[in-house]
Amino acid sequence: MTWASWTTRNVYTGRGGALSEEAGVMTGNLTVHTTWADGMANVALQFTGATDWFTMTGSPTRCPSEEASRALHEAVVQAVRKGAGAIVPPATAHEGQGQ
């Protein structure tokens, strides 16, 4: 099994924050973590320095390659910085990356 993961700490949300399945809207200083395995990417959010992780709305999502999952992670970080109730971008937004 091939897998990869990326973590970006200290991502400050834009106005409107990011959406999680368990906690709803999350705002402030977040850590974004993406794990990719078997063609699926899982994205989790954490208040930086806390212990609990929350599933970002839109996760898991189909993701065809490790390279595409890296591009997805970067797209998620940018979406969180933008705020406005950020969710994981649709699969079509990063599917062509890394192929």
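Computed from a predicted model, the values in this text were never measured in an experiment.
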### Message
Thr55: which residues meet the side chain to side chain donor-acceptor pair (under 3.5 Å) condition with it, sequence neighbours left out?
### Response
Glu22

## Note on the structure
Ala84 meets the side-chain contact (heavy atoms from CB on, under 4.5 Å) criterion, sequence neighbours left out, with none

### Query
Mind checking what makes side chain to side chain donor-acceptor pair (under 3.5 Å) contact with Thr13, not counting sequence neighbours?
none

### Message
Would a single hydrophobic cluster contain both Leu19 and Met26, if residues Ile, Leu, Val, Met, Phe, Trp and Tyr are joined by side-chain heavy-atom contacts under 4.5 Å?
### Response
no

### Query
Would you say Val43 and Val80 are hydrophobically clustered, going by side-chain heavy atoms of ILVMFWY under 4.5 Å?
yes

#### Entry: Heavy-atom closest contact (Thr48 atom, Arg9 atom, distance)
CG2-NH2, 3.4 Å

### Message
I need the Glu21 CD to Ile87 CD1 distance, nearest 0.5 Å.
### Response
9.5 Å

### Message
Are Leu45 and Leu72 linked, directly or through intermediate hydrophobic residues, by side-chain heavy-atom contacts shorter than 4.5 Å (ILVMFWY only)?
### Response
yes

### Heavy-atom closest pair, residues Ala75 and Pro89
CB-CG, 4.0 Å

### Query
Can you list every salt bridge (Lys or Arg N to Asp or Glu O under 4.0 Å) pair that touches residues 70-85, not counting sequence neighbours?
Arg70-Glu74

### Query
Do Leu30 and Val88 belong to the same hydrophobic cluster, where Ile, Leu, Val, Met, Phe, Trp and Tyr are linked whenever their side-chain heavy atoms lie under 4.5 Å apart, directly or via other members?
yes

### Message
Is the shortest side-chain heavy-atom distance between Val32 and His73 below 4.5 Å?
### Response
yes

### Task
Indicate the atoms forming the closest heavy-atom contact of Ser65 with Ala68, along with that distance.
OG-N, 3.0 Å

### Message
Set out, in order, the CA-CA distance, both residues' side-chain angles and the distance that settles side chain to side chain contact (heavy atoms under 4.5 Å, CB included) for Trp36 and Asn42, then state yes or no.
### Response
CA-CA 6 Å; Trp36 174 80; Asn42 291 285; over 6 Å; no

### Test side chain to side chain donor-acceptor pair (under 3.5 Å) applied to Asn10 - qualifying residues, sequence neighbours left out
Asn29

### Task
Write out all pairs satisfying ring-ring contact (aromatic ring centres under 6.0 Å, His included) with one or both partners inside residues 37-61, taking only residues at least two apart or from two chains.
His33-Trp53

### Message
Side-chain heavy atoms nearer than 4.5 Å, only ILVMFWY residues, links allowed to pass through others: does that put Val76 and Val11 together?
### Response
yes

### Message
Quick check for you: to the nearest 0.5 Å, what is the distance between Glu66 atom CD and Ser5 atom OG?
### Response
9.5 Å

## Note on the structure
Heavy atoms of Ser59 and Ala41 approach each other most closely as OG-O, 3.9 Å

#### Entry: Between CH2 on residue Trp6 and OG1 on residue Thr35, distance to nearest 0.5 Å
9.0 Å

